[in-house]
Amino acid sequence: MKNSRILGTGSYLPDRVMHNSELEQLVDTTDAWIRERTGIERRHIAADNETTLDLAYAAALNALDAAGMQPNDIDLIVVATTTPDCVFPSVATMLQAKLGVTNASPAFDVQAVCAGFAYALGVGDNFIRANAASTVLVIGAETFSRILNWKDRNTCVLFGDGAGAVVLGASDEVGIHSTHLHADGRYKELLHVPNGVSRGYDVMQQQEAFVQMRGNEVFRMAVSKLHEVVEEALLANNLEKSDIDWLVPHQANIRIIQATARKLRMDMAKVVLTVQDHGNTSAASIPLALDTAVRDGRIQRGDKLLLEGFGGGFAWGAALVTY
Ligand code: ACO
C-alpha cells in the first residue's frame with residue numbers, strides 16, 4: 001500500500017485588505033475588541049467579480065508550481081468549500097476545466113465548513129492509500145464574505161476570503177500519517193446559514209442567507225473537541241506531544257488556538273498563526289497557514305505537523321503529517 005506525501009503547497013489571497021477600522025464604520029465594534037477577543041487585525045475580501053473558483057485556481061497553480069507538476073499529472077481534484085460559485089457543477093470540476101485537465105479524472109467538492117480542508121485531505125490521502133489515485137490536488141477555497149451579514153457584529157468581524165492548496169503524491173515514505181474526522185449534527189443551531197436551495201429561495205428571508213452563530217457556545221465546544229482530536233492523532237501514531245514540530249491550526253480565534261497549544265504544551269513560537277492577517281477563511285485557513293510557513297522557511301522537510309480544524313455541523317478533524 002502506498003502512502004501519500006505533500007509534494008507542494010500554494011495559496012492565494014484577494015488584493016483587497018479590510019482592516020478592523022473599516023468594520024468600525026459598519027457595525028458597533030472597535031479595533032480593540034476584535035483584536036482582544038479574536039486576534040484578528042485584518043482580512044482579505046474578494047473583489048465583486050472574483051469567485052471561489054478564481055481563488056482556488058490561483059492557489060492550485062501556485063501549488064502545482066511548487067510540486068513541479070503539470071495540471072494533467074493530477075488524477076483527482078478535491079475542493080473543500082462552503083461558498084461554491086453555483087449549486088452545480090462543483091468548483092472542482094470547473095477548476096479541472098480551467099486548469100486544462102483533460103484526463104477525465106474525478107473531481108468533486110466536500111462541504112465541512114471550517115473542517116473542510118481536514119476532510120478533503122482525508123479523502124485525498126485515502127484515495128492514494130486505496131490505489132485509486134496517485135496525484136491529488138486538495139484545495140480549501142472560500143468567499144465567506146458573500147454569506148456574511150455586514151450588519152451583524154457577532155459574525156462579520158470574524159471572517160475573510162482566500163484559498164490554499166496542496167498537491168499530494170503517492171510515495172513509499174510516510175507523509176500523511178493519519179487523518180481523524182468527526183461530526184456531531186446535533187449542534188446545527190449554534191452555527192449555520194439557516195436557508196438554502198431545497199428550502200426555497202423565493203421565500204428566503206435575507207438574514208437567513210447569512211451565517212448565524214452563538215459564538216460563546218461554539219467557542220467552548222471548539223476548545224474541547226480540538227483537544228480530543230489532537231490527543232487522538234498523537235495516540236494513533238504513538239507520538240508524544242514533544243514530537244510535534246509545528247501546530248498548523250484552523251485560524252478562527254487566537255484564544256482557541258492558544259488553548260489547544262496549552263493542552264499540547266507547545267510554545268506559541270511553534271504555532272503557525274495567520275489569524276491576525278487573514279481572519280477565519282473557513283476551509284482555506286489551514287492550507288493558507290501551511291503555505292505561509294512553508295514559504296517563509298519555518299516548516300522544513302521532515303518536520304512533524306499537527307493540522308486541526310473545527311466548524312459548522314459541528315464537523316472537526318485533524319491530520320498528523322511529516323512534511
Ligand atoms: N464588537 C463588540 N462587541 C461585540 C462584538 C463585536 N464585534 N461581537 C459581540 N460583541 C459583544 C456581545 O454582544 C456581548 O455583549 P453583551 O455582554 O452586552 O451581551 C459581548 O461582546 C461578549 O460576547 P461573547 O459572545 O460572550 O464574546 P466572546 O468572548 O465569546 O467572543 C467570539 C465572541 C469572538 C465570536 C468567540 O465566541 C468565538 O471566537 N467563537 C468561536 C468562533 C468559531 O470558532 N467558530 C467556528 C468556526 S466558524 C465556521 O465553521 C463557519
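This is a predicted model, so every value here is computed, not measured. Whatever order the structure lists them in is the order used to number ligands and atoms, beginning at 1. Values reported hereafter were calculated over all heavy atoms of this structure, with side chains retained and with hydrogens, waters and symmetry mates removed.
- Residue contacts with ligand 1, taken as heavy atom pairs separated by less than 4.0 Å, involve Asn216 via backbone and side-chain atoms alike.
- With a heavy-atom cut-off of 4.0 Å, Leu191 touches ligand 1 through its side chain alone.
- For the pair Lys225 and Phe310, the cation-pi criterion (under 6.0 Å, within 45° of the ring axis) is not fulfilled.
- You'll find the side chain of Lys2 reaches within 4.5 Å of the side chain of Asp172, heavy atoms only.
- In this structure, atom 16 (P) of ligand 1 is not in close contact with the protein, since no protein heavy atom lies within 4.0 Å of it.
- Taking all heavy atoms of Arg37, Met213, Arg220 into account, the minimum distance to atom 27 (O) of ligand 1 is reached by Arg37.
- In this structure the side chain of Val166 reaches within 4.5 angstrom of the side chain of Phe117, judged on heavy atoms.
- At a heavy-atom distance under 4.0 Å, no atom of Val211 approaches ligand 1.
- Protein heavy atoms are absent from the space less than 4.0 angstrom from atom 19 (O) of ligand 1.
- Taking 4.5 Å as the limit, some side-chain heavy atom of Phe144 sits within range of a side-chain heavy atom of Val211.
- Within the 4.5 Å cutoff, the side chain of Glu24 has heavy atoms near those of the Thr30 side chain.
- When heavy-atom distances to ligand 1 are checked against a 4.0 Å cut-off, Ala252 comes that close only through its side chain, counted from C-beta outward.
- Results of the side-chain hydrogen bond (donor to acceptor under 3.5 Å, both in side chains) test with His180 over Glu308, Glu231, Glu232 single out Glu232 as the only residue that passes.
- Remark: of the listed residues Thr83, Asp54, Thr51, Thr83 is the sole one forming a side chain to side chain contact (heavy atoms under 4.5 Å, CB included) with Thr143.
- Residue Asn280 touches ligand 1 through its side chain alone, judged by heavy-atom distances below 4.0 Å.
- Per-atom contact check: atom 7 (N) of ligand 1 touches the protein, criterion being a heavy-atom distance below 4.0 Å.
- Heavy atoms from both the backbone and the side chain of Thr29 come within less than 4.0 Å of ligand 1.
- Under a 4.0 angstrom heavy-atom cut-off, Arg255 registers as being in contact with ligand 1.
- Ring-plane geometry between His44 and His278 is classed as perpendicular, the angle between the planes exceeding 60 degrees on a 0 to 90 degree scale with a lower cut at 30.
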